[in-house]
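Residue numbers start from 1 in every chain, and the chains themselves are labelled A, B, ... in the order their sequence lines are given, proteins ahead of strands. Just so it is clear, the model here is predicted, and its values are computed rather than measured.
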Amino acid sequence: MIRDQLLASLRAAIGAAGLPDPGDVALEVPRERAHGDFAANVALQLARAASRKPREIAEAIAAELVRAEVPHLERVEIAGPGFLNFHLRPTWLHEVLREVVTAGAAYGTATVLDGQRINLEFVSSNPTGPIHAGGGRWVAVGDAIANLLASQGAAVHREYYLNDAGNQLVTLRESLAARYHGRELPADGYQGTYVTEIADTLRAEHGDDLDDAALCELGVQRIVAWIQRDLARIGVHFDTWFSERTLHERGDVDEVLDTLRAKGLIDVRWGDKAEADIEWLRTTDLGDSRDRALRNTATGTTTYLCNDLAYHRDKLARGFTHLIDIWGADHQGQVKSLQAGVQALTGLVGEPEIVLGQFVKLFDIDPNTGEKIELKMSKRAGTFVSLADVLDRVDGDVTRMTFLLQSIDTKQTFDLAIVTAQSMENPVYYVQMAHARIASIGRKATEAGIERAPLDAVDLGCLTEEHELELLRMLARYPEVLADAAQSRAPHRVAHWVHDFASAFHAFYGACRVLDAEPPLLQARLWLIHACQLGLANALAILGVNAPESMARLDEVDGIDS
RNA sequence: GCGCUCGUAGCUCAAUGGAUAGAGCAUCUGACUACGGAUCAGAAGGUUGUGGGUUCGACUCCCGCCGAGCGCGCCA
């Protein structure tokens, strides 16, 4: 990579200039084109240690760089307070094109996570109802993060934790039984119409003599089937569906308690709320703000944390080198105690890594009043909009892109009415259009009998237009974008890159003709757009979005006013 | 009260401590006898909530204040 070569040359120049070792040397891509292709701020950083003026240091480094005759380097400018701006010849971008074409589908991938086996748990929506619309955020983000980690070399295992035990199942059972027998719903029952729907179906299939346990079992099966169907609709596959119940049945939970007791990490103290003796895990020793309850000695029931510890111990026992959980912000308070518990149990620090995502605020137009209303999502109240409802209105690509364009650090506003009404203007189509346009040029070329010559026989030096160079600059940046996005678990960076890249392509498309160009340029441009197609397809694959060869004609799409 | 995450254009959102804070939508002006107009070219829009601090440089880091969301079962 050209950037690595430049960095090495820069380091060598710093040494040759007799300057102290600056430690990390950063080579940035400046925002302003006028500031060159790469910029280094190392002279500013060295100013203090060397007790010299930054610009003076920059001059010394620049002189060494010129003497070294670095490949592709046209000139080095000193700018502003002491930046070193590297201006490269377009030839470096022609190298980039070759790199992209050579790497093909693997362009942008890296090996930093080679040998890592990562377990990524996400969604894990409770089997007490369908996945709600806001849950779509975790579906899209989790799958994209899995793809990102895999792009860096990790073997990623997608896992769904099924909380098919505990009090919520009791509530579901009682709610189902009430609907099944035509009784009044319990005070805190699930009011969603899907409960009635399941009860009616089960009565139709099994008569009215099912006992409550069977009712609940069959009900959960149906709900899980819905969840799996919804995930299939949006194209997400899980490698493991882990049932919480197995932890209890296999005695894993008891083992965890025995282990912690044997380590002397459990205190038995009176619990006021439960009005019973409670077994407490001394997580305060490990930085938690208070000790955490694990088990009620009177009833024998274990807490969510206790079960979760058994679960995460099981994951580690399966040989994963790293665990990542994606959680909603409402579980933020559990992070410390789970990590402290895992540390108490295994000695591992910082496992599992928790990726916290902020909530989705859902809006829609009230069909009765025509006013914009916020839809509060509550399974219990049954007022939620499901992911399936969203997928009924817009396709999976639109849904994914909408969720992926925003950082999960901020709460997302998802306006169903806007997303539906403007779905044709969704950024995802803008990107897909760019991909389809390239495919279309390919078809036209074939029709005209134009073949792409071997890359070695093509003069890429024809590519001198700013639009062409800009595309290659963006492609050059892509591997770094991927690496950053993977490291910070931030797929929105890829979503923004691919949108910006599509924008650069559309601009090129408007300004530069491919098939009408003279043969040398024609050939170079055929390779250029081929590289662009690879870049678009790679990034879209990370996002889990399709890269179509053609788009449905707008005037052939139902319900679209042109 | 304490903790976590935030506060950026009218709206929805970007911006590894870098140089003149960027996109989309909406608004306005233009461009098809064209490789697909689901497109392009341009205009307008900002005291980055607020007050301090750190430094060559702060949307970014630190502290205070204001505001928002979410937590603070011995529920899940």
What is the pairing partner of [N], taking Watson-Crick or G-U wobble pairs with both distances under 3.5 Å in any strand?
N: B:rG18; answer: B:rC56
N: B:rA38; answer: none
N: B:rU48; answer: none
N: B:rA23; answer: B:rU12
N: B:rC72; answer: B:rG1
N: B:rG67; answer: B:rC6

Of all the nucleotides listed ([options]), which has the minimum atom distance to the side chain of [X]?
X: A:Glu32; options: B:rG18, B:rG69, B:rU20; value: B:rU20
X: A:Asp330; options: B:rG71, B:rU20, B:rG69; value: B:rG71
X: A:Gln358; options: B:rG69, B:rC56, B:rC6; value: B:rG69
X: A:Gln332; options: B:rA23, B:rC4, B:rA15; value: B:rC4
X: A:Pro30; options: B:rA14, B:rC74, B:rA19; value: B:rA19
X: A:Ile278; options: B:rC56, B:rA76, B:rC74; value: B:rC74
X: A:Ala39; options: B:rA19, B:rC74, B:rG18; value: B:rA19
X: A:Tyr429; options: B:rA38, B:rC13, B:rG18; value: B:rA38
X: A:Tyr304; options: B:rA76, B:rG69, B:rC72; value: B:rA76
X: A:Ser440; options: B:rC74, B:rC35, B:rC4; value: B:rC35

Charged tip of A:Arg452 within 45° of A:Trp527 ring normal and under 6.0 Å: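 Cation-pi check for A:Arg452 and A:Trp527: passes.
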Face-on cation placement of A:Arg3 at A:Phe38 ring, 6.0 Å and 45° thresholds: no
Starting at atom [atom1] of [X], determine the distance to atom [atom2] of [N], rounded to an integer number of angstrom.
X: A:Phe501; N: B:rG22; atom1: CZ; atom2: P; result: 22 Å
X: A:His492; N: B:rU16; atom1: NE2; atom2: P; result: 8 Å
X: A:Phe83; N: B:rU20; atom1: CZ; atom2: C1'; result: 13 Å

Any base atoms under 4.0 Å from [X], or only sugar-phosphate, or nothing? Heavy atoms, all strands.
X: A:Ser488; value: nothing
X: A:Ala274; value: base
X: A:Gln432; value: nothing

Is there a donor-acceptor contact under 3.5 Å linking the side chains of [X] and [Y]?
X: A:Asp254; Y: A:His248; value: no
X: A:Asp409; Y: A:Gln358; value: no
X: A:Glu159; Y: A:Tyr311; value: yes

Residue-phosphate contact under 4.0 Å: A:Thr413 side-chain N/O, B:rC13 OP1/OP2: yes
Short side-chain N/O contact from A:Thr410 to OP1 or OP2 of B:rU8, under 4.0 Å: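 Checking B:rU8 against A:Thr410, no side-chain N or O comes under 4.0 Å of OP1 or OP2.
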Aromatic stack A:His496/B:rG22: centroid gap under 5.5 Å, interplanar angle under 30°: no
Euclidean distance for P, B:rC72 against B:rC25 (whole angstrom):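 It comes out at 41 Å once rounded to the nearest Å.
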Report, one pair per line, the protein and nucleotides 39-42 of chain B atoms (nitrogen or oxygen only) whose separation is under 3.5 Å.
| residue | atom | partner | partner atom | Å |
| --- | --- | --- | --- | --- |
| B:rU39 | O2' | A:Arg437 | NH1 | 3.1 |
| B:rC40 | OP1 | A:Tyr430 | OH | 2.3 |

Syn/anti state of B:rG37 by chi, 90° boundary around 0: anti
Along RNA chain B (nearest heavy atom to each residue), the more 5'-positioned of A:Arg290 and A:Ile441: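 Taking each residue's closest nucleotide, the earlier one in sequence belongs to A:Ile441.
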Exam field: side chain A:Arg525 to backbone A:Arg513, donor-acceptor pair closer than 3.5 Å: yes
Residue from A:Asp288, A:Asp291, A:Thr303 passing side-chain contact (heavy atoms from CB on, under 4.5 Å) with A:Ser337: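 One option only clears the test, and that one is A:Asp288.
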